[in-house]
There are 2 protein chains.
Amino acid sequence: MEEQSEMVGRAFVDHYYNLFDNDRSSIGTLYQPSSMLSFEGQKLQGSEDISAKLNALPFGQCRHAISTIDSQPSSFSGGVIVFVSGSIQLLGEDYPLRFSQMFHLIPTMEGSFFVQNDIFRLNYG
Amino acid sequence: MEEQSEMVGRAFVDHYYNLFDNDRSSIGTLYQPSSMLSFEGQKLQGSEDISAKLNALPFGQCRHAISTIDSQPSSFSGGVIVFVSGSIQLLGEDYPLRFSQMFHLIPTMEGSFFVQNDIFRLNYG
């Protein structure tokens with residue numbers, strides 16, 4: 001179970017940031033109506049509002065670079081908790097921004113996962 | 001429910017870091033045999049091993065200062081997810097260390113909460 005949660009975590013992280021960086025308008029497909037996002041303290045609920053927020057961020061092209069991924073099974077939900085640290089390079093900016101983010105992934109009927117909880121914070125030095 | 005998760009998150013964070021800074025030998029009381037800790041990538045399971053790890057860290061007295069707390073209900077477990085950023089000042093060190101940490105809290109029979117998932121990472125600049 002522990003190895004499985006790590007595989008799920010790594011695969012999800014690859015998929016999530018690849019979508020974010022290359023096809024951000026599709027990112028809402030990873031959320032459901034019950035999903036919650038806290039983005040730098042701002043709370044949003046539901047795939048539509050979350051997708052709208054992420055697509056309205058005040059930057060266009062960006063590249064995420066992942067430093068660490070920690071995954072644990074979420075025994076009481078059958079899901080996986082994924083904790084990520086890394087940096088975002090915004091197009092045209094000199095220095096990347098460091099961030100931490102956690103996801104609570106819940107299994108779907110179709111054998112995949114969706115994001116139920118998503119908390120994002122930039123790291124200030 | 002959303003306000004309640006924030007109240008739970010804030011109260012837990014106060015309690016957790018107060019215990020860590022002032023009575024670290026009691027911190028195992030916040031975990032259960034099923035609990036998991038990922039500490040800088042090292043995985044531990046169960047309140048005994050987690051408490052042993054936290055009490056064997058290579059520093060004595062410390063003071064946590066909390067910068068942000070983000071809490072969300074964990075609908076599928078009846079619990080609360082808490083994401084913390086802050087810094088740790090170690091006794092005798094000049095500069096505090098920045099960290100991010102997340103907790104998945106699960107309700108107990110007694111109406112309290114225990115830590116099921118705990119992921120801790122220092123933030124490197």
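No hydrogens, no waters, no symmetry mates; every other heavy atom, side chains included, goes into these values. Throughout, a chain's letter reflects where its sequence line sits, starting with A, and its residues are numbered from 1.
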If you look at every heavy atom in A:Gly41 and B:Asp70, which pair is closest and at what distance? CA-OD1, 3.8 Å
Side chain, backbone, both or neither: which part of B:Glu40 has a non-hydrogen atom closer than 4.5 Å to chain A? neither
Can you tell me which portion of A:Leu97 sits under 4.5 Å from chain B's heavy atoms? Options are side chain, backbone, both or neither. neither
Could you please spell out the steps behind the side chain to side chain contact (heavy atoms under 4.5 Å, CB included) verdict for B:Phe83 and A:Phe83? CA-CA 10 Å; B:Phe83 185 97; A:Phe83 185 97; 3.7 Å; yes
Could you walk me through whether A:Gln101 and B:Met102 satisfy the side chain to side chain contact (heavy atoms under 4.5 Å, CB included) test, starting with their C-alpha distance in whole Å, then the side-chain angles of each, then the deciding distance to 0.1 Å, before giving a yes or no? CA-CA 9 Å; A:Gln101 187 164 18; B:Met102 66 85 40; over 6 Å; no
Between B:Pro73 and A:Met36, what is the shortest heavy-atom contact and its length? O-CE, 3.4 Å
Non-hydrogen atoms of chain A under 4.5 Å away: do they reach the side chain of B:Ser85, the backbone, both or neither? neither
Nearest heavy-atom pair of B:Ser71 and A:Lys43: which atoms, and what distance? O-NZ, 2.9 Å
Nearest non-hydrogen partners of B:His104 and A:Ser74, listed with the distance: CE1-OG, 3.3 Å
Which heavy atom in A:Ile119 sits nearest to a heavy atom in B:Gln72, and how many Å separate them? CG1-NE2, 3.6 Å
How long is the gap from OG on B:Ser38 to CD1 on A:Ile81, to the nearest 0.5 Å? 10.0 Å
Which heavy atom in B:Asn123 sits nearest to a heavy atom in A:Ser100, and how many Å separate them? OD1-OG, 4.0 Å
